[in-house]
Amino acid sequence: MMTSNFIDYVKINVRSGHGGAGSTHFRREKHVPKGGPDGGDGGRGGHIILKGNAQHWTLLHLKYQKHIFAKDGNGGEGGRRTGAQGQDMYIEVPLGTIAKDPETGEVLAEVTKDGQEVVLLHGGRGGLGNVHFKSSTNQAPHHSQPGEDGEDMWVVLELKVLADVGLVGFPNAGKSTLLSVLSAAKPEIADYPFTTLVPNLGVVSYRDFKSFVMADIPGIIEGAAEGKGLGTRFLRHIERNSILLFLIPATAEDITEEYRILLNELKEYNPALLDKERMIAISKMDLVTEDEDLARIKTQIPENLPFVMISSVMQQGLMELKDMIWGSLQKAQESFVQPEEENEEEIQENHDQDLAE
């Protein structure tokens with residue numbers, strides 16, 4: 001059986017380097033009697049650093065690398081020479097990766113930008129050489145410090161897909177077909193439930209060379225938050241989406257009920273998901289031929305939610321859908337930027353008042 005290359009969860013053991021020991025050494029040169037202590041410090045141990053890499057989109061490269069250790073620092077030497085620092089170990093991860101403590105669930109680090117570096121474990125400090133311990137009463141100290149031990153722990157790396165729009169719907173709602181029509185993504189499409197077993201990302205082109213990222217999340221069923229179907233395995237990816245696009249087929253017996261079930265599963269998994277912008281797309285409109293069915297569909301759409309009726313096969317309503325999504329993304333961006341501009345104005349006003357006083 002062929003296994004998927006989409007890996008969004010790994011557990012690895014990481015260890016930062018130990019610090020090098022300080023040197024106990026005395027200066028010995030010709031014509032320099034009683035040169036005194038000159039032991040150098042030990043070098044710092046290597047850090048364990050997470051680094052964002054936009055070229056990675058899964059954690060597959062870490063699946064079979066369970067132990068990652070940084071180098072130890074070198075010991076100090078005579079002549080006040082400091083030992084070399086241990087080489088840092090960089091762990092490249094896709095954007096949207098978080099590191100957790102497997103026992104407590106505490107989030108240790110989060111990587112969301114390309115090139116972002118986060119020190120996960122610090123290397124041990126190098127020990128001080130005996131040159132630091134000389135005094136008027138102890139002019140020949142035979143003592144130096146050992147280096148500090150590095151940190152050692154198991155860490156869970158969890159990937160949450162970054163996308164502007166997340167497609168939410170039951171199996172066979174037409175999510176993969178919509179993504180394949182709007183973008184260059186080629187997800188597997190078939191007429192049986194749970195065809196999509198991993199999230200798929202696609203870049204959707206818009207007017208004037210603009211674009212946004214859409215994610216096809218594997219189908220949700222009633223009870224998914226309790227582990228039914230694919231369970232909560234992929235619900236985490238919805239947390240990173242700016243907009244939730246509920247895709248409900250026109251052939252559904254009760255559109256309102258399907259929307260309610262989907263919304264309840266998101267609430268059971270994480271109530272904060274209900275704060276995201278929501279909109280509805282009624283798919284498979286090419287199967288609706290009667291005016292009575294069209295009228296019934298319109299009456300079942302939940303109120304106060306933007307909606308559009310589409311057909312991915314016939315490519316109908318797709319531009320209206322993209323217009324609706326883009327308008328919502330722009331509003332979200334404006335509402336995010338506006339408070340920052342207000343804060344800058346307030347800071348400037350306070351600064352002017354201080355100058356006047």
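We count residues from 1, following the sequence as given.
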Q: Look at the side chain of Gln300 and the backbone N and O of Ile255, then say whether any donor-acceptor pair between them is shorter than 3.5 Å.
A: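 At least one qualifying donor-acceptor pair exists.
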Q: When rounded to the nearest 0.5 angstrom, what is the spacing between NZ in Lys71 and NE2 in His18?
A: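 Answer rounded to 0.5 Å: 12.5 Å.
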Q: Is a side-chain N or O of Ser328 found less than 3.5 angstrom from the main chain of Ile325, in a donor-acceptor match?
A: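 The answer is no, because no donor-acceptor pair under 3.5 Å joins these two groups.
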Q: Other residues, nucleotides and ligands only: do more than 12 of their heavy atoms fall within 6.0 Å of NZ on Lys66?
A: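 Counting neighbours around NZ of Lys66, more than 12 heavy atoms of other residues, nucleotides or ligands fall under 6.0 Å, so yes.
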Q: Near Arg81 CZ, under 6.0 Å, is it more than 12 heavy atoms from other residues, nucleotides or ligands?
A: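 Correct, the count exceeds 12.
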Q: Counting only heavy atoms from other residues, nucleotides and ligands, does the tally under 6.0 Å from CZ of Arg278 exceed 12?
A: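 Counting neighbours around CZ of Arg278, more than 12 heavy atoms of other residues, nucleotides or ligands fall under 6.0 Å, so yes.
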Q: Might you work through the side chain to side chain contact (heavy atoms under 4.5 Å, CB included) test for Asp164 and Val204, ending with a clear yes or no?
A: CA-CA 10 Å; Asp164 298 307; Val204 180; over 6 Å; no
Q: My understanding is that only residues two or more places apart in sequence, or in another chain, count here; which of them pass salt bridge (Lys or Arg N to Asp or Glu O under 4.0 Å) with Glu320?
A: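 Salt bridge (Lys or Arg N to Asp or Glu O under 4.0 Å) list for Glu320, sorted by chain: empty.
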Q: A side-chain contact here means heavy atoms from C-beta on lying under 4.5 Å apart; do Leu245 and Glu277 qualify?
A: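 No, too far: nothing below the 4.5 Å cut-off.
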Q: To the nearest 0.5 Å, what is the distance between NZ on Lys100 and OH on Tyr9?
A: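 With rounding to 0.5 Å, NZ (Lys100) is 8.5 Å from OH (Tyr9).
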Q: Could you check whether any side-chain N or O of Ser16 sits under 3.5 Å from a backbone N or O of Glu151, counting only pairs where one atom can act as donor and the other as acceptor?
A: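 At least one qualifying donor-acceptor pair exists.
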Q: Evaluate His143 against Asn138 for side-chain hydrogen bond (donor to acceptor under 3.5 Å, both in side chains), listing each step before the verdict.
A: CA-CA 11 Å; His143 169 70; Asn138 186 12; over 6 Å; no
Q: Would you say CD of Gln87 has more than 12 non-hydrogen atoms from neighbouring residues, nucleotides or ligands within 6.0 angstrom?
A: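 Counting other residues, nucleotides and ligands, CD of Gln87 stays at 12 neighbours or fewer.
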Q: Would one find more than 12 heavy atoms of other residues, nucleotides or ligands at under 6.0 Å from atom NZ of Lys284?
A: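 Result for NZ/Lys284: enclosed.
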Q: Would you say Gln145's side chain and Gly127's backbone share a donor-acceptor pair under 3.5 angstrom?
A: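 The answer is no, because no donor-acceptor pair under 3.5 Å joins these two groups.
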Q: Hey, are the side chains of Phe170 and Glu258 touching, using non-hydrogen atoms and a 4.5 Å cut-off?
A: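 Phe170 reaches Glu258 side chain to side chain.
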Q: Look at the side chain of Ser144 and the backbone N and O of Asn130, then say whether any donor-acceptor pair between them is shorter than 3.5 Å.
A: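 Checked: no pair found.
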Q: Is there a donor-acceptor contact under 3.5 Å from the side chain of Asp41 to the main chain of Gly129?
A: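 Yes; at least one donor-acceptor contact below 3.5 Å.
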Q: Under 6.0 Å from the NZ atom of Lys210, do we count more than 12 heavy atoms belonging to anything else shown?
A: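 Correct, the count exceeds 12.
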Q: Can any side-chain N or O of Asn241 pair as donor or acceptor with the backbone N or O of Leu244 at less than 3.5 Å?
A: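 Answer holds: no.
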Q: For Gly150, does its backbone N or O pair with a side-chain atom of His122 as donor and acceptor, under 3.5 Å?
A: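 No: the side chain of His122 does not pair with the backbone of Gly150.
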Q: Pair Asn13, His67 - check side-chain hydrogen bond (donor to acceptor under 3.5 Å, both in side chains), show working.
A: CA-CA 5 Å; Asn13 176 234; His67 303 277; 3.3 Å; yes
Q: Kindly indicate whether the side chain of His61, heavy atoms from C-beta on, has any atom under 4.5 Å from the side chain of His56.
A: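 Yes; the side chains approach each other to less than 4.5 Å.
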Q: Show, in sequence, the C-alpha distance, side-chain angles and deciding distance for Tyr259 and Leu305, and conclude whether the side chain to side chain contact (heavy atoms under 4.5 Å, CB included) test is met.
A: CA-CA 11 Å; Tyr259 172 75; Leu305 282 180; 3.1 Å; yes
Q: More than 12 non-hydrogen atoms from neighbouring residues, nucleotides or ligands closer than 6.0 Å to CE on Met314, yes or no?
A: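 Check fails, neighbour count at 12 or below.
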Q: Evaluate the ring planes of Phe212 and Trp326, with Trp represented by its six-membered ring, and classify them as parallel (under 30°), tilted (30 to 60°) or perpendicular (over 60°).
A: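 Answer is tilted, since the angle falls between 30° and 60°.
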Q: Go through it in stages, so that I can follow the logic: the residues are Arg44 and His47, the test is side-chain hydrogen bond (donor to acceptor under 3.5 Å, both in side chains), and I'd like the CA-CA distance, side-chain angles, deciding distance and then a yes or no.
A: CA-CA 9 Å; Arg44 169 183 64 79; His47 296 324; 3.1 Å; yes
Q: Once ring-ring contact (aromatic ring centres under 6.0 Å, His included) is applied, what residue pairs with a partner in residues 71-91 remain, sequence neighbours excluded?
A: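 Applying ring-ring contact (aromatic ring centres under 6.0 Å, His included) to every pair that reaches into residues 71-91, excluding sequence neighbours, yields nothing.
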Q: Using atom types as modelled and distance alone, determine if a side-chain donor or acceptor of Gln116 lies under 3.5 Å from a backbone N or O of Lys113.
A: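 Pair found, side chain donor or acceptor close to backbone of Lys113.
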Q: Is a side-chain donor or acceptor of Asp114 paired with a backbone partner of Ala54 at a separation under 3.5 angstrom?
A: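 Looks like yes, one N/O pair under 3.5 Å.
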